[in-house]
Protein chains: 2
Amino acid sequence: MSKVVGVAAEATTYRDSSGRTLADYPRPSVAVDTALLTVTEDRLSVLLTLTEDAARGGKAEWRLPGTFIHEGETLAGAVLRSLRDKAGVEGLAPRQLHVFDDPSRDDRGWVLGVAHLDVVRADRLPESDRTRLIPISELPPLKYDHASIVEFAVAALRADYRRMPDAAGLLEPPFTLRALRHLHEAVLGERLLPDTFRRSMTPMLIPTGELSRDGRGRPAELYRPRAPGAV
Amino acid sequence: MSKVVGVAAEATTYRDSSGRTLADYPRPSVAVDTALLTVTEDRLSVLLTLTEDAARGGKAEWRLPGTFIHEGETLAGAVLRSLRDKAGVEGLAPRQLHVFDDPSRDDRGWVLGVAHLDVVRADRLPESDRTRLIPISELPPLKYDHASIVEFAVAALRADYRRMPDAAGLLEPPFTLRALRHLHEAVLGERLLPDTFRRSMTPMLIPTGELSRDGRGRPAELYRPRAPGAV
DNA sequence: CGAATAGTGTCTGTGAGACAATATTTA
DNA sequence: TAAATATTGTCTCACAGACACTATTCG
């Protein structure tokens, strides 16, 4: 039998009931693609990059940052690596969304795509001519099934924000209820009543006693998120 | 470079910016494992199988049915194949739950495990000496991370049943509210008040006008599930 | 003082939980 | 008729939405 390159060494030790090893069966390439969401100028936005094809004379197309998973690496590790390499962002917490498995979804071959969501404050995203922050209400056509990934990601993030204050940590504590409400309005894409919002959020916030003196009117109290599960 | 066997043919056509093809990078094996849930004797149960190791003198261990994905096959296709081959069940609707990606989770090598949930009526599950239906409250130790998969699956199914009547179609319509309530009690693992349950479910049910004459007391009306999204 | 913003009082409607009453059948 | 089950009435509580009012600051 021909020699097999580029596969896990340990995979050659195990033999199944037919005497075959894992390496004797075809394996898919596995990619991770990440919808990196953030809020800029009160709008929920996603980080897009230009395809490499553009650099080689092909048509420029927008896509989500992604990469193929390496041996010995977790999916989250691959996501962090791709975000570092393609967007220059560090230290995030990727969340797995869905595996896209249509055998013909990638014209390069048999590729499973594991969609991820990650969230980061916009000020930690460096500007670049290969990447851009686009409001999710103004998405251009995306390559592969990346538009579906953005849909999954937005739905997941909105569910989080309906459940608790600043689930993704986009706000630096302590913050005012006004700032928190503006953030939620951006994420959810709808206006919220200040009094209803306050009453629904205060059980999950700890008042600091300090006041914010930013705006014109009466100073607002500053809050910190309460540890989830606490009374 | 050495010849590569057992990989997608098309994968050799595409070359990336470094001139490499997909086949030049190591790829993981991808397995699907399925928690096949059902209700027997008013208890939520899962289908377990004995590991092949047992047949070859190894220690007998319980696991979920699973298989490696084949080329050109979808994940759902692999799940259906594994359930047909290992449990003799046909015609289900697998639902993707989560990818388990710990590089050391499988001692045979680098294997990603895509956990799935599927649901079927117990009477369609043939008896076998290699498979068993075990109530989820009495699970034995499971191989790999299969105990986590069962947890994911149970949580997903319970969320479905909290949302709508018989989300998985375990009941043959038309059915009485009593039968539906017993089913929900089995899935959720808790008692439900008959009147509260009725009022929460009737908006999603269509009364047939027919009556059931099974039990002793006043006959119960028979209902069919309303198409989701309808008024 | 007046504008602006923060925060509270309170009314209303909705829906879940709970208990009680009524309805219809079989033994 | 008595027991069993189905179905409805209704009370209470909690909470979201909505509007109005009070509180505190800056210019």
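Predicted, not measured: the structure shown is a model, and the values here were computed from it. A, B, ... follow the sequence lines: proteins, then strands. Residue 1 opens every chain.
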J.: Where the side chain of A:Leu177 is concerned, which of C:dG17, C:dG7, D:dA18 is the nearest nucleotide?
T.: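 Selected nucleotide: C:dG7.
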J.: Rounded to the nearest Å, what distance is computed from the CD atom of residue A:Glu190 to the C1' atom of nucleotide D:dG17?
T.: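 It is 13 Å, rounded to the nearest whole Å.
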J.: Are any of the side-chain nitrogens in B:Arg63 or B:Asp33 under 4.0 Å away from the carboxylate oxygens of its partner?
T.: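 The answer is yes: the pair qualifies as a salt bridge.
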J.: Please check this pair: side chain of B:Lys143 against backbone of B:Thr51, looking for a donor-acceptor N/O pair closer than 3.5 Å.
T.: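 Judged by distance alone, no pair lies under 3.5 Å.
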J.: B:Met201 has an atom CE; how far is it from atom C1' of C:dA16, in whole Å?
T.: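 Taking CE of B:Met201 and C1' of C:dA16, I get 13 Å after rounding.
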J.: Between atom CZ in B:Arg191 and atom P in C:dA16, what is the gap in whole Å?
T.: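 Between P of C:dA16 and CZ of B:Arg191: 20 Å.
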J.: Looking at B:Arg218 and C:dA23, is any side-chain donor or acceptor paired with a base atom of the opposite kind under 3.5 Å?
T.: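 It does, because a donor-acceptor pair links the side chain of B:Arg218 to the base of C:dA23 below 3.5 Å.
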J.: Just how far, in rounded Å, is C1' of C:dT5 from CG of A:Leu193?
T.: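 In whole Å, C:dT5 C1' lies 16 Å from A:Leu193 CG.
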J.: Looking at B:Leu171, is its backbone amide N or carbonyl O close enough to the side chain of B:Asp166 to form a donor-acceptor pair, meaning the two atoms are under 3.5 Å apart?
T.: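 Yes, because the side chain of B:Asp166 sits within donor-acceptor range (under 3.5 Å) of the backbone of B:Leu171.
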J.: Is A:Arg178 touching bases, backbone alone, or none of the nucleic acid, heavy atoms closer than 4.0 Å?
T.: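 Sugar-phosphate, backbone atoms only, no base.
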J.: Whole Å only: how far is the CZ atom of A:Arg213 from the P atom of C:dA6?
T.: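 Nearest whole value for this atom pair: 13 Å.
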J.: Inspect the contact between A:Arg124 and A:Glu90 and indicate whether a charged nitrogen and a carboxylate oxygen are less than 4.0 angstrom apart.
T.: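 Here A:Glu90 does not pair with A:Arg124 in a salt bridge, since their nearest N and O are not under 4.0 Å apart.
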J.: How do A:Arg199 and B:Pro219 order along DNA chain C: which one's closest nucleotide is nearer the 5' end?
T.: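 By nearest-heavy-atom nucleotide position, the 5'-most residue is A:Arg199.
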J.: Taking atom types as modelled and ignoring hydrogens, do the side chains of B:Thr67 and B:Arg81 form a donor-acceptor contact shorter than 3.5 angstrom?
T.: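 Note: B:Thr67 and B:Arg81 side chains meet the donor-acceptor criterion.
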J.: Using whole Å, what does the distance between atom P of nucleotide D:dC15 and atom CZ of A:Arg198 come to?
T.: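 One finds 18 Å between P of D:dC15 and CZ of A:Arg198, rounded.
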J.: Taking CZ from B:Phe197 and P from D:dT5, how many angstroms apart are they, rounded to a whole number?
T.: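 Rounded to the whole Å, the gap is 17 Å.
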J.: When the nearest nucleotide of DNA chain D is assigned to A:Arg216 and to B:Leu211 on a heavy-atom basis, which residue is associated with the more 5' position?
T.: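 Nearest nucleotide further toward 5': that of B:Leu211.
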J.: Among the nucleotides D:dT7, C:dG7, D:dA6, which one has an atom lying closest to any side-chain atom of A:Glu221?
T.: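 That would be C:dG7.
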J.: With nearest nucleotide decided by heavy atoms, which residue, B:Tyr223 or B:Gly217, maps closer to the 5′ end of DNA chain D?
T.: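 The residue whose closest nucleotide sits nearer the 5' end is B:Gly217.
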J.: Heavy atoms from C-beta onward define the side chain here; which of C:dG17, D:dA16, D:dA6 lies closest to that of B:Ala220?
T.: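 The answer is D:dA6, which lies nearest to the side chain.
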J.: Would you kindly give the CZ-to-P distance between B:Arg181 and D:dT5, to the nearest whole Å?
T.: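 Rounded to whole Å, this separation is 10 Å.
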